[in-house]
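Numbered from 1 within each chain, the chains take letters A, B, ... in sequence-line order. These figures come from a predicted structure and were not determined experimentally.
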Amino acid sequence: MELPFNVANHLDKTLRAAASTLGLAERGFEPEIRVADPANGDFQANGALAFAKREKQNPRALGQQIVDQLGSLKAGFDITLAGPGFINFRIKPEALLTWLEVYDSEEHLQTGASSARAGQTWVVDYSSPNTAKQMHVGHLRSAVIGEAICRLLAFSGAKVIRDNHIGDWGTQFGKLIWAYKRHLDQAALGREPLVEFERLYKLGNQAAESDPAVLAEAQQELVRLQGGDADNLAIWKRINDVSLAAFQEIYDQFGIRFDYTLGESFYNDKVGRVYRELTDCGLAQESQGALVVFHPEHPRFKSQPFIIRKRDGAANYASSDLATILYRVEHFQVDGAAYVIDFRQSDHMDQLFLTAGKWFERTGRKLPQLEHVDFGTVLGEDNKPLKTRSGENIRLKDLLDEARERAYQLVSAKSPEFPEAERRAIAAVVGVASVQYADLSQNRSSDYVFSWDKMISLEGNTAAYLLYAVARIRSIFRRAGLDAAVPPVVGATAPATPQEIALARKLAKFPDAVQLATNTLRPHFLGLYLYELAGDYSTFYAADKVIVDDPAVRARRLLLCHRTLIILETGLHLLGLRTLERM
RNA sequence: GUCCCCGUAGCUCAGCUGGAUAGAGCAUCGGUUUUCUAAACCGACGGUCGCGUGUUCGAGUCACGCCGGGGACGCCA
């Protein structure tokens, strides 16, 4: 009757065994376990339908045969055959109780989840801004989604390598160094270095446009940099160091810390090998002076080249991305790589993956699982890419400042009795979490409309709603003089009221939500689950008073409160959000 | 021109890879607090799933064709 961590996987395994006994497994029976509509059960197996169709059998008769083999499940589930052949599983309240008793902390939830990807190594390539420029809204989604994916993969047992593939090498450095040497404002550099770099770049760019002599000088600076000139290298390094320090101020707010920052410059000396290998294995060819790869079998890439070396002999991002894959395989032995990059680069990613696949095949290497984790654009209320009134990119720093300020106004209005410092601290969590969650709560593939009112008005599927549920649970413990870390749940009985049962059933589906979000690399599945869980909790909270005299009832409701708390917090932490004691 | 993505309630979005009567939030209307945070809860209203063919026991989901929106297409990343 004890349930394993992931109930759906347990059902899947048991049904496969049953199918094997019946001789169906060899003919390709798949259980197809899905989360069910609560009215029908907790999980359903749809496999009998597809199988019966293929084998021209009666699906209900087949379903009954399978159900007859499921005796071992009867202690924990009510099993029914329904409709044209669905097998429905409803977890019994007593079984829910045992599950809730076992998974009593973030650590134990992690232990339960960690078998899924134990032994795997994944690199997640995300954020990846250009140095010497400020991060803006365009950099928001990669950072937020990427971090959530890192945490999901790590939670399911993978070793995760966070790699910031920064744009730290390019032609812009000629003009920038030219201006840096002549027009650097030290005071401005101390205040806001990236603003100063942007000013210098614009200045150098304008000067080069209006004066051919300056252009020549800037090109010379670039040549010197690429030739290893000590002065220029020092300036370049300074620019990058200062840029990364500024980026980290943003990352800190999102809880991001990279393991590696291997940008384009790192692969500078590694592209030669790519040219050689791709040429030697017959993939690359000369075309219009450039080195390119075509894919004859592809409707588009048979004529649209993948340019891996420019006509002038220089590398571009195709070459460095190919070198990056090789490095990650040889140096980190990765099993998978997730690229959290704008959907507009899907052509590039498709060409990259296709090329890498053939390259690795021809050189006898094993290709890791390569995933383009694409995402849409952040739009303004006018449905066009989000900009300031004057048409500039919105700086991420300003965006987060505004988020905290708006949250502060709200906290101050709702909880004026809290001390100023605490209201600031709460606002920092709520503000940043609102921005993160607005992004994570919807399918990353589509564009989304950025709306302060929607994300911070705190109604519906928002960070604040979830944080509020957490705060209310913590409040119960606080008011009752109990420590939420050691909840008094001994003697808890199985969930009994409709609201208790609905909540408990939802709690036991956390593993399924995590698995779905991780396997599809789509964090919104977890967000949606947490929102529904918070909703079930709110319903329970309104219907069933927790601190009551009956010790058994009180213990079981405290158990439900506590498990809701740890699952909400674990889930929010997996998405990269911080949580609060009160708000 | 070629290729990719999107089109679901007035608005913003889910819909777990073909399953049961298409779901939430906002907005609108109505109700709930002597009780653990009302930033909450309960209820009502609201749908030719862009349009049309087709595939099959079953299509918002798959195929093809239109219509509408966005994007990418040779040396920026």
Side-chain angles (χ1 to χ4, degrees), chain A residues 8 32 34-37 39-40 44 46 49-50 52-53 59 82-86 88 128 130 165 167 170-172 264 287-292 298-301 303-312 314 316-318 320-321 341-348 350 374 376-377 379 383-385 410-411 413-415 430 441-443 445-449 451 453-454 456-462 464-465 467-469 471-480 512-513 515-517 519-520 522 524-525 527-529 531-532 535 538-543 545-548 557 561 582-583:
Chain A
E32 293 184 38
R34 303 286 141 78
V35 170
D37 183 322
N40 294 326
Q44 62 187 65
N46 297 344
L49 288 162
K53 175 183 174 181
F86 302 107
N88 291 332
S128 309
N130 290 328
H165 195 82
T171 49
Q172 75 271 24
E264 283 156 19
S287 170
Q288 298 179 23
L291 191 63
V292 308
H298 193 280
R300 192 157 162 65
F301 305 143
S303 57
Q304 181 180 323
F306 190 49
I307 298 170
I308 64 170
R309 189 179 63 204
K310 300 193 288 185
R311 183 166 34 203
D312 63 6
N316 64 0
Y317 75 140
S320 105
D321 280 354
I341 299 177
D342 199 331
F343 78 102
R344 286 174 299 188
Q345 290 189 40
S346 10
D347 265 12
H348 170 75
D350 288 350
D374 66 342
T377 310
L379 306 175
N383 275 330
K384 289 195 284 215
L410 203 62
V411 174
K414 297 290 181 187
S415 306
V430 172
S441 61
Q442 59 191 271
N443 194 328
S445 294
S446 31
D447 297 345
Y448 80 92
V449 176
S451 159
D453 289 339
K454 290 219 168 65
I456 302 203
S457 79
L458 320 183
E459 283 167 324
N461 189 5
T462 64
Y465 181 79
L467 292 172
Y468 180 66
R472 288 213 293 188
I473 298 172
R474 289 207 170 272
S475 176
I476 289 175
F477 283 91
R478 201 165 44 238
R479 290 285 292 268
D512 191 78
Q515 181 170 267
L516 182 62
N519 288 348
T520 57
R522 292 185 188 274
H524 80 284
F525 284 121
L528 184 66
Y529 167 81
Y531 174 57
E532 289 171 354
S538 290
T539 301
F540 156 77
Y541 179 92
K545 188 165 165 56
V546 176
I547 304 302
V548 293
R557 289 186 183 163
C561 286
R582 62 176 192 165
M583 64 186 274

Rounded distance in Å - CZ (A/Phe306) to C1' (B/rC73): 14 Å

Nearest-0.5 Å distance that lies between atom CG in A/Leu528 and atom CD in A/Gln442: 11.5 Å

Euclidean distance for P, B/rC4 against B/rC26 (whole angstrom): 39 Å

Sugar-phosphate only, base, or nothing, as touched by A/Arg582 at under 4.0 Å among non-hydrogen atoms: base

Sugar-phosphate, base or nothing in reach of A/Tyr465, heavy atoms under 4.0 Å: sugar-phosphate

A/Asp374 side chain vs A/Phe343 backbone, donor-acceptor pair below 3.5 Å: no

Heavy-atom donor-acceptor pair, A/Arg557 side chain to A/Lys545 backbone, under 3.5 Å: yes

Under-4.0 Å side-chain N/O to phosphate OP1/OP2 contact, A/Arg300 with B/rC4: no

Syn/anti state for B/rU53 [syn: chi within 90° of 0]: anti

Aromatic ring pairing A/His348/A/Phe306, orientation class (parallel under 30°, perpendicular over 60°, tilted between): tilted

Watson-Crick and G-U pairing of RNA chain B, under 3.5 Å, as dot-bracket with | and [ ]: (((((((..((((.....[...)))).(((((.......))))).....(((((..]....))))))))))))....

Under 3.5 Å donor-acceptor, A/Thr539 side chain and A/Gly535 backbone: yes

Same-atom distance (C1') from B/rG23 to B/rU61, integer angstrom: 15 Å

Nearest-angstrom distance, P atom, B/rG50 to B/rA9: 8 Å

Phosphate contact (B/rC42 OP1 or OP2) by A/Thr539 side-chain N/O below 4.0 Å: yes

Nearest-nucleotide comparison on RNA chain B, the residue closer to the 5′ end among A/Tyr468 and A/Arg34: A/Arg34

Minimum side-chain heavy-atom gap A/Tyr541-A/Ile473 below 4.5 Å: no

Whole-Å C1' distance, B/rG60 and B/rC49: 5 Å

Euclidean distance, atom CG of residue A/Asn316 to atom P of B/rC75 [Å, nearest integer]: 10 Å

Spacing of the C1' atoms in B/rC13 and B/rG47 (rounded, Å): 15 Å

A/Leu379 CG to B/rG71 P, straight-line distance once rounded to whole Å: 10 Å

Nearest-nucleotide comparison on RNA chain B, the residue closer to the 5′ end among A/Pro385 and A/Ser415: A/Ser415

Any A/Asn443 side-chain N or O less than 4.0 Å from OP1/OP2 of B/rG15: yes

Side chain to side chain contact (heavy atoms under 4.5 Å, CB included) assessment of A/Tyr465 paired with A/Tyr531: CA-CA 8 Å; A/Tyr465 181 79; A/Tyr531 174 57; 3.7 Å; yes

Sugar-phosphate, base or nothing in reach of A/His348, heavy atoms under 4.0 Å: nothing

Separation between the C1' atoms of B/rG71 and B/rC64, rounded to whole Å: 23 Å

Sugar-phosphate only, base, or nothing, as touched by A/Ser346 at under 4.0 Å among non-hydrogen atoms: nothing

